[in-house]
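Below: one structure, written as structure tokens.
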There are 2 protein chains.
Amino acid sequence: MTSTPEPETATRTTKGERTKARILDASLELFMDLGFEKTTMRKVAERADVSVGNAYYYFESKEHLVQGFYGRSDEDHHVACAPILATETSFKRRLEKVLEAKLDTSEPYHHFSGLLFKTAADPASPLNPFSAESQPVRDHSVALMREVVEGSDIKVHKDLADDLPDLLWLYMMGVILFWIHDTSTGRARTRRLVAHTTGLVTQLIRLSGLPLMGPLRRRAKRLLVDLRAAPDEEIVAGASDGGNSRAVDTTSGPDER
Amino acid sequence: MTSTPEPETATRTTKGERTKARILDASLELFMDLGFEKTTMRKVAERADVSVGNAYYYFESKEHLVQGFYGRSDEDHHVACAPILATETSFKRRLEKVLEAKLDTSEPYHHFSGLLFKTAADPASPLNPFSAESQPVRDHSVALMREVVEGSDIKVHKDLADDLPDLLWLYMMGVILFWIHDTSTGRARTRRLVAHTTGLVTQLIRLSGLPLMGPLRRRAKRLLVDLRAAPDEEIVAGASDGGNSRAVDTTSGPDER
DNA sequence: GTCTATAACCGGATAGAC
DNA sequence: GTCTATCCGGTTATAGAC
């Protein structure tokens with residue numbers, strides 16, 4: 001609409017952008033140092049050399065500060081996966097390495113990702129992995145899983161082929177859920193879970209191709225079709241919940257990064 | 001120390017017990033009316049005719065109040081299941097009806113269980129279904145699932161028999177997770193999910209008995225043994241997290257049986 | 001109109017007197 | 001067991017600076 005003539009020579013970032021970045025950086029540092037709970041907005045503001053009110057000018061809430069992690073971690077994961085997908089051909093090992101990469105890239109955030117998950121689990125939150133708002137990230141991850149399958153040596157029965165990437169994504173969500181609760185040193189338990197279940201999954205995919213499995217396959221297929229077909233039919237009434245003013249956008253802003 | 005001579009004839013409940021019950025009742029009413037967020041401890045205290053401090057004398061935190069729901073809903077569920085378990089013998093139908101009963105008895109809480117779940121998903125929360133605090137309820141539900149299996153016509157391969165109740169409990173958790181996100185009228189989508197997946201699960205259990213499945217069974221078995229064997233090895237350093245006093249065990253406990 | 005700061009408000013939680 | 005007074009931190013109202 002308006003002209004917004006962008007000072008062509010000047011510092012590429014506006015003052016506001018720089019302030020926003022400073023606040024985000026400060027919060028990231030503090031989250032890493034102290035975890036989510038012990039990081040107060042007052043400390044964030046102080047470290048970023050702004051007032052508390054100013055921090056809220058740029059970020060709707062403390063939780064919104066955390067959103068930066070989401071994108072960053074997903075980005076890291078994809079980068080870490082590139083060499084794996086380029087060289088490995090065994091399905092089992094592709095899957096396993098991709099999941100291990102997920103754990104590795106997420107590790108720095110483990111001590112507060114419980115919190116992240118907490119908001120992500122809220123059906124009303126835009127961070128929710130099933131929400132419309134997170135569809136881009138979700139699609140991105142599903143695509144990764146499709147690559148895992150397609151670049152591999154495994155043969156997938158055609159009944160299953162279309163849905164497998166989605167199912168693998170779901171499986172990864174499950175692994176992450178486990179990981180979040182895992183306090184063993186080096187996430188040893190989650191690593192074991194991955195080592196075991198990747199084999200299990202691979203075997204299942206192979207077995208699912210057997211003629212004997214026809215009825216099971218078809219039944220599963222019907223389930224998926226059925227669930228996908230029916231839209232979410234929002235129930236309107238429910239004003240009873242936490243009436244946060246929190247507008248719809250939240251994520252909308254071009255999150256730079 | 002003191003004598004505390006318990007008036008032997010008087011009202012069977014002590015004053016403390018009555019106060020505690022009053023606070024819990026007040027909170028339940030308010031949660032139903034206002035949801036979790038809009039229910040404040042001050043309102044709870046006021047309705048229960050006690051001071052805020054007194055409410056905290058009986059309940060460690062606001063979240064602990066919510067646990068009352070867990071127990072009550074679980075109780076309702078068990079009651080609703082009794083006639084099913086007494087009469088139905090088909091495994092598939094036992095499972096399906098038990099899950100449907102779960103949905104029915106949980107329905108009154110659906111409008112705020114999203115928020116409930118939000119805290120429940122936090123590994124640090126006492127509401128977390130995997131936490132030590134919820135172990136009694138968890139054990140209770142697992143036992144229910146054992147009954148579903150044992151009173152039914154299904155034949156379970158002995159490799160699987162011990163673990164099946166736990167796995168079914170996990171399956172139920174998954175259904176609830178879906179239900180929480182389900183805004184379709186009458187939770188139609190969740191009901192469809194149940195209708196489909198109970199058949200799927202039943203079929204899987206049957207198929208798992210085939211000789212062909214030996215390797216898969218053994219692999220799965222190894223996974224479960226392996227994960228259970230290793231205790232949670234609390235990482236000591238991490239003072240960074242919410243510093244809850246929460247004890248270490250969670251999973252380690254000799255899972256009864 | 002974009003940015004920044006100060007001073008509250010509100011609600012969960014706690015200390016300590018009675 | 002029960003209360004009052006207070007802390008603490010997320011969040012907001014609002015006034016003003018650039």
Side-chain angles (χ1 to χ4, degrees), chain A residues 1-7 10-11 13-24 26-27 30-31 34-67 112 115 118-119 242-247 250 253, chain B residues 1-4 6-7 11 13-24 26-27 30-31 34-66 115 118-119 122 124-127 242-246:
Chain A
M1 283 101 200
T2 72
S3 44
T4 55
E6 299 259 326
T11 42
T13 53
T14 72
K15 178 138 152 276
E17 276 164 353
R18 267 177 283 120
T19 306
K20 180 170 181 174
R22 225 169 53 240
I23 294 168
L24 187 59
S27 75
L30 286 168
F31 285 148
L34 311 175
F36 184 78
E37 320 257 65
K38 300 221 267 209
T39 297
T40 72
M41 288 304 278
R42 285 161 176 90
K43 280 182 200 157
V44 170
E46 189 185 7
R47 176 171 304 214
D49 263 313
V50 295
S51 68
V52 182
N54 200 8
Y56 274 96
Y57 176 79
Y58 288 105
F59 297 92
E60 275 182 54
S61 76
K62 188 178 170 185
E63 285 181 359
H64 277 79
L65 281 170
V66 155
Q67 279 189 310
F112 67 87
L115 240 297
K118 194 173 139 168
T119 59
N244 276 13
S245 62
R246 134 169 84 101
T250 41
Chain B
M1 289 101 209
T2 71
S3 43
T4 55
E6 298 259 324
T11 43
T13 52
T14 71
K15 176 139 151 277
E17 276 163 354
R18 267 176 285 121
T19 306
K20 181 170 181 171
R22 225 169 53 240
I23 295 168
L24 187 59
S27 75
L30 286 168
F31 285 147
L34 310 175
F36 183 76
E37 319 255 66
K38 299 221 269 208
T39 298
T40 71
M41 289 303 279
R42 284 160 175 90
K43 282 183 199 155
V44 170
E46 189 184 8
R47 178 173 301 215
D49 263 312
V50 295
S51 68
V52 181
N54 200 6
Y56 275 97
Y57 175 80
Y58 288 104
F59 296 92
E60 273 181 57
S61 75
K62 189 179 170 185
E63 286 182 0
H64 278 81
L65 280 171
V66 156
L115 291 170
K118 194 174 142 167
T119 59
D122 180 357
S125 165
L127 289 183
N244 276 16
S245 59
R246 140 174 81 108

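First the proteins, then the strands, lettered A, B, ... as listed; each starts at 1.
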N or O in side chain of K20(B) less than 4.0 angstrom from dG1(D) OP1/OP2: no
Under 3.5 Å, side chain of T39(A) to main-chain N/O of L30(A), donor-acceptor pair present? yes
Within the 4.5 Å heavy-atom criterion, are Y58(B) and H64(B) side-chain neighbours or not? no
Do the side chains of Y57(B) and V50(B) get nearer than 4.5 Å, heavy atoms only? no
Rounded distance (Å) that lies between atom C1' of dT2(D) and atom CZ of R22(B): 11 Å
What does V52(A) touch in the nucleic acid at a heavy-atom separation under 4.0 angstrom: a base, only the sugar-phosphate, or nothing? base
Expressed as a whole number of angstroms, how long is the span from Y56(B):OH to dG1(D):P? 20 Å
Any L65(B) side-chain heavy atom under 4.5 Å of I23(B) side chain: yes
Separation of dA5(C) atom P from E46(A) atom CD, nearest Å, is 13 Å
Could you tell me whether the phosphate oxygens of dG12(C), OP1 or OP2, come under 4.0 Å of any side-chain nitrogen or oxygen in S61(B)? no
Can you tell me the distance, in whole Å, between the NE2 atom of H64(A) and the P atom of dG10(D)? 16 Å
Over all heavy atoms of both residues, which pair between A48(A) and R22(A) is shortest? Give the atoms and the distance, please. O-NE, 3.0 Å
Measure CD1/I23(A) against C1'/dG10(D) and give the value in whole Å, please. 16 Å
What is the distance from CG of N54(A) to C1' of dA15(D), rounded to the nearest Å? 14 Å
Using heavy-atom distances to pick each residue's nearest nucleotide on DNA chain C, tell me which of Y58(A) and R42(A) is more 5'. Y58(A)
Remember a base hit wins even if backbone is also touched, and classify G16(A) as base, sugar-phosphate or nothing at under 4.0 Å, heavy atoms. sugar-phosphate
Measure from CD on E60(A) to P on dG10(D) and round the result to the nearest Å. 16 Å
Phosphate OP1/OP2 of dG9(D) contacted by K43(A) side-chain N/O (<4.0 Å): no
In whole angstrom, what separates Y57(A)'s OH from dT12(D)'s C1'? 16 Å
Tell me whether the OP1 or OP2 atom of dA5(C) has a side-chain N or O from S51(A) closer than 4.0 Å. yes
